[in-house]
Amino acid sequence: MITCEEFMAEFGNYLESEVAAEVRSQLESHLSHCRTCKVVYDSTRKTVRFVTDSGSFDLPNETAKPIVAQIMARIRKDRES
Amino acid sequence: VLDDQLNKIVSDHHQAGLSRPDTVLLDFALKLTRSGPWLSGEDIAALRDQGFTDESILETILVTGLTDSFVPCLQGWAQRPISRRGRFPTLRMRRCRTDAPQVRTWVDNPEDMYSEAERRRLVEHGIMMLPAMYRVVLVLRDIEQLSTAEAVVALGLGIPALKSRLCRARLMLREALAPHFAISAKRMGL
């Protein structure tokens with residue numbers, strides 16, 4: 001049986017569905033009996049859903065926007081060429 | 001000028017005209033995020049040589065990707081005299097913070113608690129509160145929908161560092177939203 005720390009070490013990959021079947025089975029077994037990790041997992045999935053489903057946000061320009069805009073412009077240019 | 005310098009910092013901070021302390025600080029941060037889970041006494045000594053206090057070094061470690069659970073351990077080390085050749089105890093950086101004692105179940109359908117506009121405002125505020133290095137990763141991956149490969153190239157990070165930051169960003173955003181969506185949460189003033 002894996003510990004909460006071991007679960008959290010794989011948490012990011014599990015959210016992205018990037019774990020091997022055997023690991024997934026261990027993680028899901030842990031979730032079935034650990035309320036804390038289950039709550040964190042469920043609520044983080046809902047958080048990600050909020051962000052991805054919303055499409056776009058009005059983030060002020062002085063935050064991450066300049067660098068994100070530069071990166072996105074570069075990537076769009078690369079995709080077009 | 002700022003945009004130009006940001007570009008240089010992203011592509012190669014050694015060419016960005018930064019001060020020596022800032023360059024050493026970024027060297028340290030990059031080592032933490034790119035080169036695996038080990039810290040050495042020499043790494044810490046290099047920062048101390050540039051005038052950084054132990055407190056600011058700890059802040060850098062936390063912002064760069066370590067989690068709060070390591071703070072007591074690091075504070076213990078900071079109180080020791082560190083020789084340049086001495087090595088810090090090793091530590092792993094793979095853990096994410098769970099805040100176990102404070103975790104509260106969310107409602108089944110959090111979408112029903114607020115209107116779409118209200119929910120969007122809450123999420124925007126949560127994103128704004130993230131440290132910039134996490135916010136950028138979250139925006140690129142979850143809002144702009146870049147693939148991991150594209151985001152890695154865009155930010156000049158390794159895949160493990162990018163995944164770690166994305167995981168941390170999502171967990172921090174979850175924590176920011178939890179007071180609004182936990183089962184016992186009441187609608188908060190918006």
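In what follows, chains are A, B, ... by sequence order, proteins preceding strands, each numbered from 1.
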In terms of heavy-atom pairs under 4.5 Å with chain A, which of B/E116, B/K163, B/Q145 leads? B/K163
Residues that B/Q50 engages under side chain to side chain contact (heavy atoms under 4.5 Å, CB included), provided they are two or more places apart: B/R20, B/P21, B/V24, B/F52
So for B/L173, is it side chain, backbone, both, or neither that comes closer than 4.5 Å to the heavy atoms of chain A? both
What orientation do A/Y41 and A/F7 show, parallel under 30°, tilted 30 to 60°, or perpendicular over 60°? perpendicular
In terms of hydrophobic clustering (I, L, V, M, F, W, Y; side-chain heavy atoms under 4.5 Å; direct or indirect links), are B/M172 and B/F181 co-clustered? yes
Looking only at B/L166, B/D142, B/T148, most heavy-atom pairs under 4.5 Å shared with chain A are made by B/D142
Checking A/E6 against chain B: side chain, backbone, both or neither under 4.5 Å from a heavy atom? neither
Test of ring centre spacing under 6.0 Å for A/F50 and B/Y114: no
